[in-house]
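Before any comments, here is the structure.
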There are 2 protein chains.
Amino acid sequence: MSENVEFLKTNALFKNASPQFLKDASAAISVKRFDKNFVFFINSDEAQSFYFIKQGWVKLFRETLDGSQAIVDICTGGHIFGETAIFENNQYPYSAEAVEPCEIATIPLDLLKTEIETNNKFALDMMGSMARYRRQQDREIEHRALQNAPQRIGCFLLRLADQTADGGVTIQLPYDKMLVASRLGMQPETFSRALNKLKEKTGMEIKGGTIKLDDLEKLTDFSCSACSSSFPCNDLQSCK
Amino acid sequence: MSENVEFLKTNALFKNASPQFLKDASAAISVKRFDKNFVFFINSDEAQSFYFIKQGWVKLFRETLDGSQAIVDICTGGHIFGETAIFENNQYPYSAEAVEPCEIATIPLDLLKTEIETNNKFALDMMGSMARYRRQQDREIEHRALQNAPQRIGCFLLRLADQTADGGVTIQLPYDKMLVASRLGMQPETFSRALNKLKEKTGMEIKGGTIKLDDLEKLTDFSCSACSSSFPCNDLQSCK
DNA sequence: CGAGGGTTTGAAGTGCATCAAATAGTGTGG
DNA sequence: CCACACTATTTGATGCACTTCAAACCCTCG
């Protein structure tokens, strides 16, 4: 059962994990492949484990009584999810589903809990990670309130781009457009039209999920005026 | 300079504060009154202190280049603010302004930092508080995406109401309608009209900031269908 | 009482959602 | 390698919710 758990270190949260934690994790962890659309858990399920993504994309979301769905986050390699159940009476606060084939490590929550309680350095890292997530959420709320659809897309693209690039950049959408749309809180139709408007405004070239732009500044001029952060605003990794 | 700091205990975060922390705080703390519109700090200011609200309401917000403003949170007695600067390179991640005359305790961030690093129980409480805030933010994003204006107001009122009440309830808006509107991410005009629609739908009686409703269920029926939480959904206190 | 904000109401505009349908793209089995 | 099935994406037409601009009203406080 025991496995190499070195890969955990790709997540800064585990930088200061204790040898004991790594040892216990190594014994208890299980790494498996999951198909697209596999549901890891649903909102308010009793939580036993949290998950570490080695490969692939996972969608975190909540659903209302009348069937609509709100995306909480979309995570990929190096991220963990489900860990906040520790603070929620061991209930997952959202549902989690694979949006493509994934390789995922399942880890008992108890280990994490013990580590937080006994390893103060780790606890501090955990707080840092939670604070980063908070910033991301605050920004998200602000963007939904103050940016229109094309600006929101522009901002999303900027955070995918190499912001230090001087000249042109090529940006690759990380998952399909429908999912990007829901990640940004808009309909696929709106996304399509808004992306077209963005293309007109910035002269970008779009081919499938690949976007080329000869000058990043055209994008910042368009999007960043409706944002309270100043430009080099690299992505805040939520649970990374 | 030394003051009684027992009032800190009204915030659950300080339940397990160490004697040393309380002693140091007692020596370093300053409690003062501030006028309406007093600005405690602005976004990205260098942070020396965090603040504990004894009395009054404080608005936390961010502003964009083009002058719009997004409310991050609105806090009152027992809440703290500015404390997250610890995790943000000692820069405040938002601006803070009194929305009415306030009584506020100013406390050096260093004390908090030391306490987090040396008192594991305290660190755990801090994490719990951050997790609560996260839930609140997730809910906020969901509501903005899935609820319409009248529903959002209804949901806001529900969280102000005594949810265990069997028959009728009286709800008092905690601050003026313009501020409630911006807290809910809508224009004052929209708020006014949406409140009227809510009145039609639920038969509530509105007089200034006081709202009477003979049956809470009329409100839950209207608002809670577009929410992923189940009804008794008491307010998640952010920094309390 | 008068000045100044807060609040409401009206009229018009805008942006996004929705519904419908066409088109493009992808993976399947033959 | 092609044809089909299915899904993703785009485009068009229309409707609705919220915003914006403008003006009236109301309340409070000096």
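So that the names make sense, note that chain A is the first sequence line, chain B the second, and so on, each numbered from 1. Just so it is clear, the values below take in all heavy atoms, side chains as well, and ignore hydrogens, waters and symmetry mates.
- Per the geometry, CE belonging to Met186(B) stands 18 Å off C1' belonging to dT14(C), to the nearest Å.
- Under 4.0 angstrom from either OP1 or OP2 of dT8(C) there lies at least one side-chain N or O belonging to Lys177(B).
- With hydrogens and angles ignored, no donor-acceptor pair under 3.5 angstrom links the side chain of Gln187(B) to the base of dC21(D).
- The distance between atom CG of Leu184(A) and atom C1' of dA17(C), rounded to the nearest whole Å, is 16 Å.
- With hydrogens and angles ignored, the 3.5 Å screen pairs a side-chain donor or acceptor of Tyr94(A) with a backbone N or O of Gly82(A).
- Checking the phosphate oxygens (OP1, OP2) of dT11(D), a side-chain nitrogen or oxygen of Asn196(A) falls inside 4.0 Å.
- Atom CZ of Phe191(B) is separated from atom P of dT9(C) by 13 Å (rounded to the nearest Å).
- With a 6.0 Å cutoff to the six-membered ring centre and a 45° limit on the axis angle, Arg132(A) does not count as a cation-pi contact of Phe87(B).
- In the set dT9(C), dT11(D), dA8(D), dA8(D) carries the atom at the smallest distance from any side-chain atom of Met178(A).
- Residues Phe40(A) and Ile104(A) meet the side-chain proximity criterion, which asks for heavy atoms closer than 4.5 Å.
- In this structure, Lys199(A) places its NZ atom 13 Å from C1' of dT9(D), rounding to the nearest Å.
- Aromatic ring centroids of Phe52(A) and Phe81(A) lie 6.0 Å or more apart.
- Heavy-atom contacts from other residues, nucleotides or ligands closer than 6.0 Å to NZ of Lys218(B) number more than 12.
- Here the P atom of nucleotide dA24(C) and the NZ atom of Lys207(A) are 15 Å apart, to the nearest Å.
- Side-chain N/O atoms of Arg193(A) and base N/O atoms of dT18(C) include a donor-acceptor pair closer than 3.5 Å.
- Glu189(B) has its CD atom 13 Å from the P atom of dG6(C), to the nearest Å.
- As judged by a 4.0 angstrom heavy-atom cut-off over every strand, Ala149(B) is placed among residues touching the sugar-phosphate backbone only.
- Considering only side-chain atoms of Thr190(A), the nucleotide from dA8(D), dA17(C), dG6(C) that sits closest is dA17(C).
- Rounded to an integer number of Å, the gap from CG of Leu146(B) to C1' of dA17(D) is 15 Å.
- In this structure, Ile206(B) atom CD1 and dT9(C) atom P are separated by 10 Å, rounded to whole Å.
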